[in-house]
Amino acid sequence: MRIIILAAPGAGKGTQAEKLSQHYGIPTISTGSILRRNIQEGTELGKLAKQYIDGGNLIPDDVMIDVMKDRLAQPDCEHGFILDGFPRTLTQAEALSASDIVIDAVLNIDVADEKIIHRLGGRVECSKCGSTYHKEYNKPKRDGICDRCGGALVTRADDKPETIQSRLDIYHQTTEPLLAYYKEKGMLRTAQGQEEVADTTAEVLRVLGD
Ligand code: ATP
Ligand code: MG
């Protein structure tokens, strides 16, 4: 199974990607995690990525396409993958279409902007393992501490209110047109985002025909 998850920032892509990854037994390839790991490790890619990410802007297409070509060629992707965060532009989508990778379905998780602003505003992330929590909807057992690894929970630099709005604007301008692109190809499945993570997962599996 090769699935692309296409949804606005904060629509729950990452969370649902993890659920699908467990369900199908295939890895999630998350561009955000790859980039943030490179930033932490201070690699050349990380240095370049940081200036774009912190401002809520996209990394240049040629860089992103190279990173993903390498990643999807790794042996763990052989039996399928869930793509979280790629493609995000028409140029990236066309590069993927032109490759020999055959995508089975493109999943859209539909969530209204107002909800997204509220969700991202309350999101915190583990500085060590990257697990995400929400100050209202998905609280850690102990305030400010990761349930999974005990790491400190922090607000991502790109989850500041001004940056959230610019990420949403970029999504509408640059990524949303991909919905029409994949719809035309007959690949698009749309799930309505629900209040509860588990309800969204049920809806996602339903639209994927599972
Ligand atoms: P969410 O946490 O809901 O997934 P998001 O999708 O905005 O929110 P990430 O996927 O973690 O966040 O991506 C973080 C940042 O990494 C983006 O704002 C962008 O700067 C950069 N990025 C990630 N994927 C791509 C891509 N395919 N092309 C260009 N830049 C990207
Ligand atoms: Mg993401």
Side-chain angles (χ1 to χ4, degrees), residues 4-21 28-40 43 45-72 81-97 99 101 103 106-113 115-127 129-134 137-138 153-178 181 193 197 200 204:
I4 293 171
I5 305 192
L6 208 60
K13 275 196 305 286
T15 307
Q16 294 305 323
E18 278 314 313
K19 302 283 176 200
L20 288 178
S21 163
T28 295
I29 311 300
S30 155
T31 54
S33 310
I34 293 175
L35 295 170
R36 282 189 291 277
R37 186 169 353 102
N38 274 275
I39 292 175
Q40 265 187 347
T43 66
L45 171 63
K47 282 179 209 156
L48 180 121
K50 186 172 165 49
Q51 44 182 341
Y52 292 99
I53 293 186
D54 286 354
N57 297 307
L58 295 182
I59 274 77
D61 282 330
D62 53 339
V63 175
M64 218 48 233
I65 289 167
D66 279 351
V67 168
M68 294 312 279
K69 268 192 185 147
D70 279 359
R71 183 61 191 89
L72 296 178
F81 49 75
I82 311 291
L83 265 183
D84 163 21
F86 186 89
R88 240 173 164 109
T89 67
L90 206 50
T91 305
Q92 292 176 15
E94 282 166 348
L96 187 60
S97 297
S99 76
I101 297 167
I103 300 295
V106 177
L107 173 70
N108 172 31
I109 305 172
D110 194 25
V111 177
D113 278 11
K115 277 199 183 158
I116 285 176
I117 291 169
H118 190 66
R119 282 195 200 171
L120 288 181
R123 179 164 74 171
V124 285
E125 186 182 78
C126 177
S127 53
C129 77
S131 299
T132 56
Y133 298 87
H134 192 280
Y137 309 119
N138 177 23
L153 301 181
V154 295
T155 299
R156 273 167 47 176
D158 58 347
D159 280 347
K160 285 181 302 198
E162 329 75 272
T163 317
I164 291 172
Q165 190 54 55
S166 101
R167 284 161 68 199
L168 271 175
D169 292 345
I170 291 175
Y171 171 77
H172 289 305
Q173 271 168 26
T174 312
T175 308
E176 209 167 36
L178 298 188
Y181 176 84
V197 169
T200 305
V204 161

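Read the numbers this way: they start at 1 and go in the same order the structure lists the ligands and their atoms.
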Mark the output for Gly10 as yes if a heavy-atom distance to ligand 1 is under 4.0 Å, and as no if none is.
yes
Does the residue Arg36 have a heavy-atom contact with ligand 1, meaning some pair of atoms that are separated by less than 4.0 Å?
yes
Under the 3.5 angstrom rule, does the side chain of [X] hit a backbone N or O of [Y] as a donor-acceptor pair?
X: Thr163; Y: Asp159; result: no
X: Gln40; Y: Ser127; result: yes
X: Lys13; Y: Ala7; result: yes
X: Arg71; Y: Ile29; result: no
X: Gln16; Y: Val197; result: yes
X: Thr91; Y: Asp61; result: no

Do Leu96 and Leu83 have side chains that approach each other closer than 4.5 Å (heavy atoms only, starting at C-beta)?
yes
Can you find a pair of side-chain heavy atoms, one from Thr174 and one from Arg88, that are under 4.5 Å apart?
no
For [atom], which of the options [options] provides the nearest non-hydrogen atom?
atom: atom 27 (N) of ligand 1; options: Gly130, Gly85, Pro87; value: Gly85
atom: atom 17 (C) of ligand 1; options: Arg88, Met68, Lys50, Lys13; value: Arg88
atom: atom 21 (C) of ligand 1; options: Leu83, Ile59, Val63; value: Ile59

With backbone taken as N, CA, C and O and side chain as the heavy atoms from C-beta onward, which portion of [X] lies under 4.0 Å from ligand 1: side chain, backbone, both, or neither?
X: Leu120; value: neither
X: Arg123; value: side chain
X: Arg156; value: side chain
X: Leu58; value: both
X: Arg167; value: side chain

Ligand 1 atoms in contact with [X] (distance to a heavy atom under 4.0 Å):
X: Phe86; value: 27 (N)
X: Leu35; value: 16 (O), 21 (C), 22 (N), 23 (C)
X: Gln92; value: 26 (C), 27 (N), 28 (N), 29 (C)

What distance do Ile5 atom CD1 and Leu20 atom CG have between them, rounded to the nearest 0.5 Å?
5.0 Å
Distance-only N or O hit between ligand 1 and Asn57, under 3.5 Å:
yes
